[in-house]
2 protein chains.
Amino acid sequence: MKSEQVLVKKVNLTKKQKELIERIGIFMEQQGLPPAVARICGLLMVSDRLELTFEEIYSTLNISKSAASNAINLLLNSHKIEYITKPGDRKRYFKVCIDQWEKMLKERLQGFSSYISLVEEIHNQRTKSTKTFNASLKDAVGFIKFMSKEFPLLYEKWQKSKK
Amino acid sequence: MKSEQVLVKKVNLTKKQKELIERIGIFMEQQGLPPAVARICGLLMVSDRLELTFEEIYSTLNISKSAASNAINLLLNSHKIEYITKPGDRKRYFKVCIDQWEKMLKERLQGFSSYISLVEEIHNQRTKSTKTFNASLKDAVGFIKFMSKEFPLLYEKWQKSKK
DNA sequence: GTTTTGGTTCTTCTCTAACAGAACTAAAAA
DNA sequence: TTTTTAGTTCTGTTAGAGAAGAACCAAAAC
């Protein structure tokens, strides 16, 4: 009476790694990503092997295939992960895009300038009688404009400082 | 047969103002605030009078008293709005904190540096064998550190440029 | 052809954020 | 004292996000 052998290819993780995955997960959830998505990113960031298969991902994280599939596609679409293939192997090997963090950071800085037109419009539409308030709004616009002009320069400066 | 007179003190708003409130609302929702909260902020930003009462707020926006109450308290706690009172008047007059936008923007820039310790920890915990990836992580840490050093300087620079 | 693999898609379920409405309250007005 | 005002708190309700599980599918292996 052989018991059914269910072999799941989980990735071996230390306690520390598991803990770190959770912390990355929480962090990324705060950036607006769903839990499963966040933890997949975490796993791909901390695991010793950088390229993991679909099965390794969902079985290691104990999430369903469907959850994994949707999450992975979301991450692929937003270019946070990518995959490679190997000759004579049907599987895809998923890994985080190497510049993911840098991209996230840059995005965050730029998303910033989306404020401009809105605040500007509020300023233009306002009654002229609220001088102080309007001045403060105008100031905000100035600040954003200043920043979005300086960021690229700062980025360049950093690039140079690396060399 | 007099019909019950329900007088609601709505704030008069132009079509343009209403439209702008919605746009501000959507924008702030994307920053993670609930719809009602976002639209209250919007209203207080665009209305000709900067200081509105509780009743004016909930009746103008067609939201319930409870929704308004909770939203207003949330905004008060996060110092996005404040209120003034007038002698011989029990009402509170709510208004956006004049530096709200600047604060939001600064917060956003700073929230940024919370990345450091996490990415650093990921880097430290990683196996040493994945050289390229680890180098890229280290690079990210460098970028964040660089940025959080430069921001205050940039802010100062802006302050000066205003004078 | 049949089976297995590597996923995808569909349906269902659950949980909670967000709000409404009504009951409540404390202070002020009458 | 009673009533009104300016909110607050409590109790549902509802819609949607997120995930599970099963059915499904296409390509490859057998």
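Heavy atoms only: backbone and side chains are in, while hydrogens, waters and symmetry mates are out. Below, read A as the first sequence line, B as the second, and so on, with proteins coming before strands; counting in each chain starts at 1. Because the structure is a prediction, the values reported are computed rather than measured.
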TODO: Round to the nearest Å and state the distance from A:Glu56 atom CD to C:dG6 atom P.
DONE: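 Checked: the CD to P distance equals 11 Å.
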Produce the list of close N/O pairs, under 3.5 Å, pairing protein atoms with atoms of nucleotides 13-18 of chain C; give distances to one decimal.
none

- [ ] Round to a whole Å and report the spacing from CG of A:Leu61 to C1' of D:dG18.
- [x]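 The distance from CG of A:Leu61 to C1' of D:dG18 comes to 15 Å, rounded to the nearest Å.
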Task: Atom-pair distance (NZ on B:Lys91; C1' on D:dT8), nearest Å - done: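 Rounding to the nearest Å, NZ of B:Lys91 and C1' of D:dT8 are 18 Å apart.
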- [ ] Using whole Å, report how far CZ of A:Phe54 lies from C1' of C:dT9.
- [x]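 Value for this atom pair: 12 Å.
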Task: B:Arg90 CZ to C:dA27 P, straight-line distance once rounded to whole Å - done: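 In whole Å, C:dA27 P and B:Arg90 CZ are 10 Å from each other.
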Would you mind writing out the side-chain donor-acceptor pairs for residues 133-144 of chain A within the sub-3.5 Å range, not counting sequence neighbours?
residue: A:Asn134; atom: OD1; partner: A:Arg126; partner atom: NE; Å: 3.2
residue: A:Asn134; atom: OD1; partner: A:Thr130; partner atom: OG1; Å: 2.7
residue: A:Asn134; atom: ND2; partner: A:Thr127; partner atom: O; Å: 2.9
residue: A:Ser136; atom: OG; partner: B:Ile98; partner atom: O; Å: 2.8
residue: A:Asp139; atom: OD2; partner: B:Lys162; partner atom: NZ; Å: 3.0

Open item on the list: Less than 4.0 angstrom between a side-chain N/O of A:Arg92 and OP1 or OP2 of C:dT5, yes or no?
Closed with: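 No, because none of the side-chain N or O atoms of A:Arg92 sits under 4.0 Å from OP1 or OP2 of C:dT5.
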Open item on the list: Under a 4.0 Å threshold between the charged nitrogen and the carboxylate oxygen, would B:Glu120 count as salt-bridged to B:Lys145?
Closed with: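 Judged by the 4.0 Å cut-off on N to carboxylate O distance, B:Lys145 and B:Glu120 do form a salt bridge.
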Task: Stretch residues 63-89 of chain A: residues that reach within less than 4.0 Å of DNA chain C through a heavy atom - done: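 Contacting residues: A:Lys65, A:Ser66, A:Ser69, A:Asn73.
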Open item on the list: Please report the distance, rounded to the nearest Å, between CD in B:Glu51 and P in D:dA6.
Closed with: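 Spelled out: CD on B:Glu51 to P on D:dA6 is 16 Å.
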Open item on the list: Can you measure A:Tyr58 atom OH to C:dG7 atom P for me and round it to whole angstrom units?
Closed with: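 About 10 Å, once rounded to whole Å.
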TODO: Identify, with sequence neighbours excluded, every residue that meets salt bridge (charged side-chain N to carboxylate O under 4.0 Å, His left out) alongside A:Lys157.
DONE: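 A:Lys157: salt bridge (charged side-chain N to carboxylate O under 4.0 Å, His left out) contacts with B:Glu150.
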TODO: Could I get the full list of side-chain contact (heavy atoms from CB on, under 4.5 Å) partners for A:Pro35, not counting sequence neighbours?
DONE: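 With neighbours one apart ignored, the set is A:Glu29, A:Arg39.
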Open item on the list: Can you measure B:Ile57 atom CD1 to D:dA6 atom P for me and round it to whole angstrom units?
Closed with: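 Answer to the nearest Å: 13 Å.
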Scan the side chains in residues 85-93 of chain B for donor-acceptor partners under 3.5 Å anywhere in the protein, sequence neighbours excluded, and list what turns up.
residue: B:Asp89; atom: OD1; partner: B:Lys91; partner atom: N; Å: 3.0
residue: B:Asp89; atom: OD2; partner: B:Tyr93; partner atom: OH; Å: 2.6

TODO: Look at the rings of B:Trp158 and B:Tyr155 and say which category their plane angle falls in: under 30° parallel, 30 to 60° tilted, over 60° perpendicular.
DONE: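 Ring orientation of B:Trp158 relative to B:Tyr155: tilted.
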Would you give me the side-chain donor-acceptor pairs under 3.5 Å for residues 64-78 of chain A, sequence neighbours excluded?
residue: A:Ser64; atom: OG; partner: A:Ser66; partner atom: OG; Å: 3.1
residue: A:Ser64; atom: OG; partner: A:Ala67; partner atom: N; Å: 3.1
residue: A:Asn70; atom: ND2; partner: A:Ser66; partner atom: O; Å: 3.2
residue: A:Asn73; atom: ND2; partner: A:Ser69; partner atom: O; Å: 3.1
residue: A:Asn77; atom: ND2; partner: A:Asn73; partner atom: O; Å: 3.1
residue: A:Ser78; atom: OG; partner: A:Leu74; partner atom: O; Å: 2.9
residue: A:Ser78; atom: OG; partner: A:Leu75; partner atom: O; Å: 3.4

Open item on the list: Under the ring-ring contact (aromatic ring centres under 6.0 Å, His included) definition, can you give me all pairs with a residue in residues 10-50 of chain B, not counting sequence neighbours?
Closed with: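 Those involving residues 10-50 of chain B are A:Tyr115-B:Phe27.
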- [ ] Identify, with sequence neighbours excluded, every residue that meets salt bridge (charged side-chain N to carboxylate O under 4.0 Å, His left out) alongside B:Lys18.
- [x]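 Residues passing salt bridge (charged side-chain N to carboxylate O under 4.0 Å, His left out) with B:Lys18: none at all.
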